[in-house]
Amino acid sequence: MQPRGISCLVAEILLLLELIGLTQCGELRMCLFIERSFSLHKTHTLKDMENIFQLVRNVIPPLTGKRHKGQDGRIGIVGGCQEYTGAPYFAAITALKVGADLSHVFCTKDAATVIKSYSPELIVHPVLDSPNAVHEVEKWLPRLHSVVIGPGLGRDETLLENAKGIIEKSKMKGIPIIIDADGLWLISQQPSLIQGYQRAILTPNYMEFSRLYEAMLRDPVDSSDHHGCVLRLSQAMGNLTVVQKGERDLISDGEKVVVCGHEGSGRRCGGQGDLLAGSLGVLAHWAFLAGAERTNGQNPFLVAAFGACSLTRQCNSQAFQKLGRSMTASDMVAEVGAAFGKLFET
Ligand SMILES: *[C@@H]1O[C@H](CO)[C@@H](O)[C@H](O)[C@H]1NC(C)=O
């Protein structure tokens with residue numbers, strides 16, 4: 001039996017024990033283990049599992065009256081075009097509900113009015129298809145703490161070219177960049193655009209992951225070793241953080257693999273990935289700002305990614321408990337506050 005099989009088995013046994021009431025360790029359900037490398041394949045103890053939640057809590061800025069607007073995060077979402085207006089909305093509103101002060105959406109002209117009409121809380125810039133789009137977004141970059149590239153971006157050549165320019169400018173400013181959806185399509189065409197930029201987090205679903213993996217490693221994904229594949233993709237990209245979304249989310253920074261199997265439900269609704277990307281925009285900023293001292297030497301982006309994955313799954317679980325199969329992404333957004341409180345403010 002492979003080492004991976006053993007650590008999974010241990011987690012499954014713990015889960016079973018808990019289900020039949022033999023243990024009372026809530027966070028064991030999350031079936032999380034950190035692995036230093038595959039040859040070591042350590043299954044970590046409950047202490048480690050509690051620790052990573054504690055590390056997330058450590059980077060969350062306290063709510064005090066002394067802070068001024070903008071300190072908790074101004075997040076930019078790059079995406080939104082004629083066909084897709086829901087994705088950037090979900091990402092931006094989630095960022096606000098997680099605790100960002102301001103969410104900016106940079107989208108095409110015809111998407112802007114639509115997105116504004118969903119929510120008066122968002123700042124919407126109709127610039128993404130303008131001839132000087134990159135410059136228009138660049139003007140805002142000094143005021144942004146992180147950017148999320150891709151929700152509702154689509155594959156229009158001009159928009160992808162503009163997204164590319166925005167990624168380059170954001171790198172020059174050193175701000176954390178989250179890349180999702182069609183932003184990942186762009187990266188699979190031109191990996192060098194983000195390769196080696198360790199302040200980037202990629203959030204591929206399985207399809208997007210396979211495309212990236214094949215582009216980088218010139219090999220199909222090894223379906224018997226998902227952990228190894230996520231680790232190798234992160235390394236091939238120069239150790240930036242990779243979050244493979246799935247039944248369990250696998251997160252790697254090229255050194256470790258962290259598994260987030262927090263509860264969730266069998267129901268995955270469209271837009272869930274946008275909630276993840278939006279919350280990651282905020283958490284990446286907080287974790288980056290807090291630095292490795294507050295994360296106990298762990299990579300802050302790994303901690304941020306774990307936080308965002310567990311939060312999204314908690315929203316899914318809560319919405320599912322209320323609504324069952326009729327739940328949608330909007331119902332998950334409505335759970336962000338309670339889910340955040342439950343996971344990180346207890
Ligand atoms: C990525 O991390 C691995 C494991 O820690 C290390 O061996 C490698 O040198 C790192 N690569 C880069 C480009 O930092």
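Numbering of ligands and ligand atoms starts at 1, following listing order. Computed from heavy atoms alone, side chains included, the values below leave out hydrogens, waters and symmetry copies.
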Can we say Asp219 and Arg232 salt-bridge, meaning some charged N sits less than 4.0 Å from an Asp/Glu carboxylate O?
no
Verdict with supporting geometry, Gln272 and Lys245, side-chain contact (heavy atoms from CB on, under 4.5 Å):
CA-CA 10 Å; Gln272 176 158 336; Lys245 299 177 288 192; over 6 Å; no
Run through all N or O atoms in ligand 1 and write down each protein N or O closer than 3.5 Å, as a pair with its distance.
unit_1: ligand 1; atom_1: 2 (O); unit_2: Asn239; atom_2: OD1; d: 3.4
unit_1: ligand 1; atom_1: 2 (O); unit_2: Asn239; atom_2: ND2; d: 2.4
unit_1: ligand 1; atom_1: 11 (N); unit_2: Asn239; atom_2: ND2; d: 2.9
unit_1: ligand 1; atom_1: 14 (O); unit_2: Asn239; atom_2: ND2; d: 3.2

Set of ring-ring contact (aromatic ring centres under 6.0 Å, His included) partners for Tyr197, sequence neighbours left out:
none
Work out which heavy atom in Cys269 is nearest to a heavy atom in Ala329; give both atom names and the distance.
SG-N, 3.6 Å
Distance col, row Leu141:CG vs Ser170:OG, nearest 0.5 angstrom, shows 4.5 Å
Given Cys107, which of Leu159, Val124, Asp129 fulfils the side-chain contact (heavy atoms from CB on, under 4.5 Å) condition?
Val124
